[in-house]
Trainee: 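Take this structure, written in structure tokens, and hold onto it; I'll ask about it next.
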Amino acid sequence: MRFSCAPLALMMMMASPSSFLVRAFVPSSARRAAAGSGSMKWMSATAEEAPAATTEEEPFKYDFTMEDVVSLCKRRGIIFPSSEIYNGFAGFYDYGPMGSELKKNVKDAWWRHFVTQREDVVGLDSSIIHNPTTWKSSGHLDGFSDPMVDCKETKLRYRADQLFYAPVIVDGETVGYVCVQEGNDDDMVKAAKKQAKKLKKEKKIDGQAEAFAFKEVIEATEEEMAQIPSPGSGKPTLTMPRDFNLMFETKVGAMSDESSVAYLRPETAQGIFINFKNVLTTSRQKIPFGIAQIGKAFRNEITPRNFIFRSREFEQMEVEYFIPPGDDVWPPMHQEWMDSSKAFLLSVGLREELMGWDVHKGDSLAHYALACTDVTFKFPFGEQELMGIAARGNFDLTQHTEGSGKSLDYFDETLKEKYIPHCIEPSLGVDRLILALICSAYAEDEVGGEKRSLLKFDPKIAPIKVSVLPLVKNKEALVKVARDLYEKLQKRWNVSWDATGAIGRRYRRADEVGTPFCITVDFETIEDDNAVTIRDRDTTEQVRIPLDDVIPYLSKAIDGY
């Protein structure tokens with residue numbers, strides 16, 4: 001997912017800042033992710049259609065932490081740290097048995113929504129390594145960088161747009177500075193207050209410090225940088241910000257000189273652009289049409305953090321939807337893709353109250369883009385960009401036309417004219433979406449006086465759809481019926497078999513990994529009614545269903561038909 005997007009005229013409702021915090025988010029890079037932009041609700045793309053903000057909302061508070069999420073993911077085989085037996089490798093993660101199923105289901109749902117169920121979108125799977133000239137033409141080789149600062153004492157490196165500083169003002173006088181890493185408002189204020197308290201003690205200053213007016217470190221002057229403490233050393237030991245290219249470099253072929261240098265792709269989009277003519281001529285599509293791709297991308301992040309939210313190896317789901325030029329063409333197309341993106345995110349189980357729009361404006365707008373609106377999500381560590389929907393103009397195809405010397409224009413038979421198409425780009429990170437889905441699904445409640453933690457995944461993305469539970473495992477006739485049902489269900493969905501322990505304990509095991517339905521085969525099944533009990537994960541309600549009706553019942557509940 002790229003952060004170089006542009007605004008569409010949307011209205012936003014902003015939550016009031018913390019009483020201890022005035023946070024100045026002035027974008028300083030076209031690739032900066034939206035962060036902490038307040039409480040924003042889904043709205044129409046035009047200010048005229050958007051409802052006026054009438055009341056302030058209370059900031060949403062999670063009743064669990066990121067530590068709870070990380071612990072659950074490790075404990076239940078969803079996500080593991082990469083290379084854990086060698087003490088891990090920062091910025092890389094492995095998906096376990098549950099996580100790999102969840103990831104596959106999310107990608108399949110996206111593909112169905114944006115490709116299979118549309119006549120005007122086709123798929124592509126391009127290579128991870130392209131001809132290096134690709135990245136020269138796209139601008140990545142010269143300009144794909146993030147500002148970084150180093151701590152001269154601890155040798156730690158930070159992204160300058162993820163460090164925030166603020167003056168400590170007591171009785172109208174600046175007595176020093178605090179510097180904290182990006183996070184949710186409460187954590188940032190807590191860290192800043194701790195630093196301010198230490199600063200006042202060292203300088204023997206009494207009095208209450210004013211609210212912290214945070215700014216990104218990238219905005220600091222040299223004079224301010226000489227006083228801003230490093231989060232690592234606690235002393236003013238930070239370097240001035242400088243650019244750091246995010247592309248991973250590799251070598252291709254037997255030679256080890258400059259001619260062999262290539263790059264792991266930092267995004268999937270360029271593979272679509274350089275294949276535009278190939279897909280156009282072989283798919284028999286006509287503009288407007290889209291090319292979709294799901295694939296790995298790699299960025300040498302300075303400070304990967306917040307679990308799988310920002311990592312060095314990740315996966316993207318993108319569509320480049322090619323359209324005719326014209327200021328009357330792209331706005332409705334942009335709105336259509338925003339509406340479709342919202343519908344998809346809600347369909348896979350994101351909680352609407354945790355989502356919002358963030359409109360890119362000013363410096364956060366890439367020079368070539370006409371518009372970009374991000375879908376944001378309130379994670380436990382703060383509100384962050386989840387998905388970007390950009391109107392990118394014809395920049396990319398124009399650049400590759402010039403770089404390759406090959407024409408990428410299109411003759412429009414309807415308009416009887418030739419042009420280089422513009423495009424709308426909905427771009428979504430698989431890993432970020434999975435983290436948002438886990439945060440949306442995580443819940444704790446009490447059943448029969450006993451607490452349970454569970455993941456309320458939508459059935460269509462749940463790693464395991466059904467768990468089959470024979471009431472006992474030493475009754476051959478009962479186990480045979482249960483096993484026959486299990487093998488039939490296996491032909492349709494990923495299901496589990498659990499014959500060990502009390503039935504209540506087995507229910508809770510299934511709940512914790514998000515299994516929406518448990519089927520119990522009991523003595524009545526084989527002695528009386530030839531039916532089974534199906535238990536719903538969220539309500540814990542149970543219904544008795546004849547064996548012949550089990551698959552139609554589950555098909556309706558899981559697949560919707």
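Residue indices begin at 1 and follow the sequence shown. Values in this document were obtained by computation on a predicted structure and should not be read as measured data.
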Trainee: Counting distance only, does the side-chain N/O of Gln293 pair as donor-acceptor with the main-chain N or O of Ser126 below 3.5 Å?
Mentor: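 Yes, Gln293 side chain to Ser126 backbone: donor-acceptor pair under 3.5 Å.
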
Trainee: Looking only at the aromatic ring of each residue, does the gap between the centers of Tyr95 and Tyr93 stay below 6.0 angstrom?
Mentor: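 Between Tyr95 and Tyr93, which both carry aromatic rings, the centre distance is not below 6.0 Å.
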
Trainee: Between Glu353 and Lys378, is there a side-chain N and carboxylate O pair less than 4.0 Å apart?
Mentor: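 Judged by the 4.0 Å cut-off on N to carboxylate O distance, Glu353 and Lys378 do not form a salt bridge.
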
Trainee: Any side-chain heavy atom of Phe457 within less than 4.5 Å of one from Leu102?
Mentor: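 Yes - at least one pair of side-chain heavy atoms lies under 4.5 Å apart.
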
Trainee: Ignoring hydrogens, what is the shortest heavy-atom contact between Ile438 and Leu455? Give both atom names and the distance.
Mentor: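 Between these two residues, the closest heavy atoms are O-CD2, 4.1 Å.
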
Trainee: Please work out which of the three classes, parallel, tilted or perpendicular, describes the rings of Trp110 and Phe114, given edges at 30° and 60°.
Mentor: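 Ring orientation of Phe114 relative to Trp110: tilted.
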
Trainee: What are the two closest non-hydrogen atoms of Phe298 and Ile128, and how far apart are they?
Mentor: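 Smallest interatomic distance, heavy atoms only, reads CE1-CG2, 3.6 Å.
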
Trainee: Is any side-chain heavy atom of Arg432 less than 4.5 Å from a side-chain heavy atom of Gln384?
Mentor: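 Counting from C-beta outward, Arg432 and Gln384 never come under 4.5 Å.
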
Trainee: Can you measure from OH (Tyr165) to CD (Gln227) and round to the nearest 0.5 angstrom?
Mentor: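 Separation between the atoms: 10.5 Å.
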
Trainee: How about Arg310 and Gln162: do any of their side-chain heavy atoms sit closer than 4.5 Å?
Mentor: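 SC-SC contact between Arg310 and Gln162 confirmed.
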
Trainee: Quick one: does Ser100's side chain have a donor or acceptor within less than 3.5 Å of a partner on Pro97's backbone?
Mentor: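 Yes; at least one donor-acceptor contact below 3.5 Å.
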
Trainee: Is the shortest side-chain N to carboxylate O distance from Glu224 to Lys215 below 4.0 Å?
Mentor: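 No salt bridge links Glu224 with Lys215.
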
Trainee: Checking the side chain of Asn184 only, and the main-chain atoms of Pro380 only, is there a donor and an acceptor separated by less than 3.5 Å?
Mentor: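 Judged by distance alone, yes, a pair lies under 3.5 Å.
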
Trainee: Could you state the interatomic distance from OH (Tyr62) to CG (Asp68), rounded to the nearest 0.5 Å?
Mentor: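 If I round to the nearest 0.5 Å, the distance is 12.5 Å.
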
Trainee: In terms of the angle between their ring planes, are Phe164 and Phe214 parallel, tilted or perpendicular, with boundaries placed at 30° and 60°?
Mentor: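 Phe164 and Phe214: perpendicular rings.
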
Trainee: Parallel, tilted or perpendicular: which one describes the rings of His140 and Trp135, with boundaries at 30° and 60°?
Mentor: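 Rings of His140 and Trp135: perpendicular, over 60°.
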
Trainee: When you compare the side chain of Phe307 with that of Ile79, does any pair of heavy atoms fall below 4.5 Å?
Mentor: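 Ile79 reaches Phe307 side chain to side chain.
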
Trainee: Okay, side chain of Lys155, backbone of Lys152: is any donor-acceptor separation there less than 3.5 Å?
Mentor: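 Yes, because the side chain of Lys155 sits within donor-acceptor range (under 3.5 Å) of the backbone of Lys152.
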
Trainee: Within the structure provided, determine whether Val261 and Lys251 are in side-chain contact (heavy-atom separation under 4.5 Å).
Mentor: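 In contact.
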
Trainee: Regarding Lys460 and Asp108, does a basic nitrogen lie under 4.0 Å from an acidic carboxylate oxygen?
Mentor: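 So Lys460 does not pair with Asp108 through a salt bridge.
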
Trainee: Could you tell me whether Arg159 and Glu301 make a salt bridge, using a distance below 4.0 angstrom between a side-chain N and a carboxylate O?
Mentor: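 Salt bridge flag = yes for Glu301 with Arg159.
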
Trainee: Any heavy-atom pair between the side chains of Phe248 and Arg312 that's under 4.5 Å?
Mentor: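 The answer is yes, as the side chains (C-beta and beyond) meet within the 4.5 Å cut-off.
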
